[in-house]
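Working notes for the structure below.
If you're wondering where the values come from, they're calculated on a predicted model, not measured in any experiment. The figures that follow rest on heavy atoms only: side chains count, while hydrogens, waters and symmetry mates do not. Numbers here are sequence positions counted from 1.
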Amino acid sequence: IHVEGEVDLAERSERPVMWLVPHFMALDVAGASVLLFQKKKGASIYQQQTNAVMDAVMRRGRLRLGNAVIFPRSDSAKPLIREIRQGTGFFNLPDMDFGERDAAFVPFFGVPACTLLAPAKLARSLDMVVLPLTVAMLPGGRGYVLTAHPPLADCPSGDALADAHTLNRWLEERIREQPAQYLWVHKRFKTRPEGEA
């Protein structure tokens, strides 16, 4: 794993940190890299599996490096918020479509995409630094490059809808840099505006 940028910027921050990690193919490598290349404890949310064996395998894999905690998406956000307030960094996947609740239709490559407002609201309410990360697979199985981008300027701004626009524009730029690396099978356009197929 080759790291570009300042992953340890999260350690030096006096404010809580949100690692913003969109759905590129090597997404899980980003999580492991964050835990390997800096000392701040990390927290994330995961989709609990209905099969108990698969759920245990997923949990063990995501927690294998230590210094981390994960919460099922179905649980309350209170334990996560408590962790963040204690200094734990939050590993957040912002380009998810969970339906229209706490979301807005924001252009993503010119198509309205149901975009979460919660990341911006959480970052604002906890005065978090938003540090975007992307990871790319190198050709021929030669490894990965994790890029720690500079904190998003003016985000959170206090306007969650404006922040969703900022995030989608930033993500479009990163995807254009390496389009083959984005997880295109991810259901980014699952929820549609009323009347649209």
Side-chain angles (χ1 to χ4, degrees), residues 16-28 30-31 43-51 54-55 58 62 70-84 89-136 149-197:
V17 173
M18 177 185 290
W19 295 295
L20 211 56
V21 189
H23 278 83
F24 283 89
M25 297 293 288
L27 171 68
D28 282 317
S44 188
I45 297 171
Y46 83 107
Q47 180 61 48
Q48 192 169 17
Q49 304 299 297
T50 54
N51 180 303
M54 289 306 298
D55 191 66
M58 181 181 285
R62 294 210 171 152
I70 58 176
F71 302 98
R73 183 169 289 115
S74 57
D75 284 4
S76 160
K78 289 179 183 177
L80 171 65
I81 292 170
R82 191 168 26 255
E83 279 288 334
I84 293 168
F90 177 38
F91 191 82
N92 187 13
L93 286 60
D95 54 338
M96 304 281 285
D97 180 346
F98 295 132
E100 294 186 52
R101 183 173 174 225
D102 202 21
F105 288 103
V106 176
F108 183 60
F109 288 106
V111 178
C114 197
T115 304
L116 293 171
L117 301 176
K121 289 179 178 180
L122 180 66
R124 177 71 174 183
S125 71
L126 296 176
D127 189 30
M128 299 178 86
V129 175
V130 179
L131 296 175
L133 304 173
T134 55
V135 64
H149 300 273
L152 288 181
D154 302 321
C155 190
S157 67
D159 181 340
L161 182 59
D163 292 343
H165 281 270
T166 297
L167 175 62
N168 279 0
R169 281 191 304 271
W170 177 88
L171 181 53
E172 289 172 4
E173 291 170 10
R174 301 297 74 76
I175 292 170
R176 284 187 177 100
E177 292 168 358
Q178 49 184 359
Q181 298 278 342
Y182 193 64
L183 189 62
W184 292 106
V185 296
H186 177 56
K187 295 180 180 177
R188 191 67 187 88
F189 302 104
K190 178 175 59 177
T191 304
R192 305 307 313 132
E194 190 173 345
E196 285 195 18

Flag this pair as yes if the NZ/CZ of Arg188 is under 6.0 angstrom from the six-membered ring centre of Phe108 and inside a 45 degree cone about the axis; otherwise no.
yes

So do Leu167 and Asp95 actually touch side chain to side chain, heavy atoms under 4.5 Å?
no

For Asp102 and Lys121: C-alpha separation, side-chain torsions, deciding distance, then whether salt bridge (Lys or Arg N to Asp or Glu O under 4.0 Å) applies.
CA-CA 10 Å; Asp102 202 21; Lys121 289 179 178 180; 2.9 Å; yes

Does any N or O in the side chain of Gln49 come within less than 3.5 Å of the main-chain N or O of Gln47, such that one atom is a donor and the other an acceptor?
yes

I'd like to check Val130 versus Pro156 (side-chain heavy atoms, cut-off strictly below 4.5 Å). Are they in contact?
yes

For Ile175 and Phe24, what are the C-alpha separation, side-chain angles and deciding distance, and is it a side chain to side chain contact (heavy atoms under 4.5 Å, CB included)?
CA-CA 8 Å; Ile175 292 170; Phe24 283 89; 3.9 Å; yes

Would you say that Leu152 contacts Pro132 through its side chain, given a criterion of any heavy-atom pair below 4.5 Å between the two side chains?
yes

Do Asp163 side-chain atoms and Ser157 backbone N/O form a donor-acceptor pair below 3.5 Å?
yes

Before giving the answer on side chain to side chain contact (heavy atoms under 4.5 Å, CB included), spell out for Ile81 and Leu122 the whole-Å C-alpha distance, their side-chain angles and the decisive distance to 0.1 Å.
CA-CA 9 Å; Ile81 292 170; Leu122 180 66; 4.1 Å; yes

Going by the angle between their ring planes, with limits at 30° and 60°, are Phe109 and Trp184 parallel, tilted or perpendicular?
tilted

Say you draw a straight line from CE of Met58 to CG of Asn51; how long is it, rounded to the nearest 0.5 Å?
10.5 Å

Under a 3.5 Å distance rule, please check whether Thr115 uses its side chain to pair with a backbone N or O of Ala113 as donor and acceptor.
yes

Show, in sequence, the C-alpha distance, side-chain angles and deciding distance for Glu172 and Arg169, and conclude whether the salt bridge (Lys or Arg N to Asp or Glu O under 4.0 Å) test is met.
CA-CA 5 Å; Glu172 289 172 4; Arg169 281 191 304 271; over 6 Å; no

Find the distance between CG (Leu27) and CG (Leu93) and round it off to the nearest 0.5 Å.
5.0 Å

Salt-bridge criterion met for Arg176 and Glu173 (N-O under 4.0 Å)
no

How many angstroms lie between atom CG of Leu80 and atom CZ of Arg73, to the nearest 0.5 angstrom?
11.5 Å

Gap separating the NE2 atom of His149 from the CG atom of Leu131, nearest 0.5 angstrom
11.0 Å

Got a sec: does the CG of Asp154 have more than 12 other heavy atoms crowding it under 6.0 Å?
no

Heavy-atom check, side chain of Gln178 versus side chain of Thr134, under 4.5 Å:
yes

Donor-acceptor pair, distance only, cut-off 3.5 Å: does the side chain of Ser44 make one with the backbone of Phe91?
yes

Quick check: does any side chain N or O of Asn92 sit under 3.5 Å from a backbone N or O of Met18, one acting as donor and the other as acceptor?
no

Leu126 versus Phe90: any side-chain heavy-atom pair under 4.5 Å?
no

Cys114 backbone acceptor or donor facing Arg192 side chain under 3.5 Å:
no

Non-hydrogen side-chain atoms of Lys187 and Asp97 separated by less than 4.5 Å
no

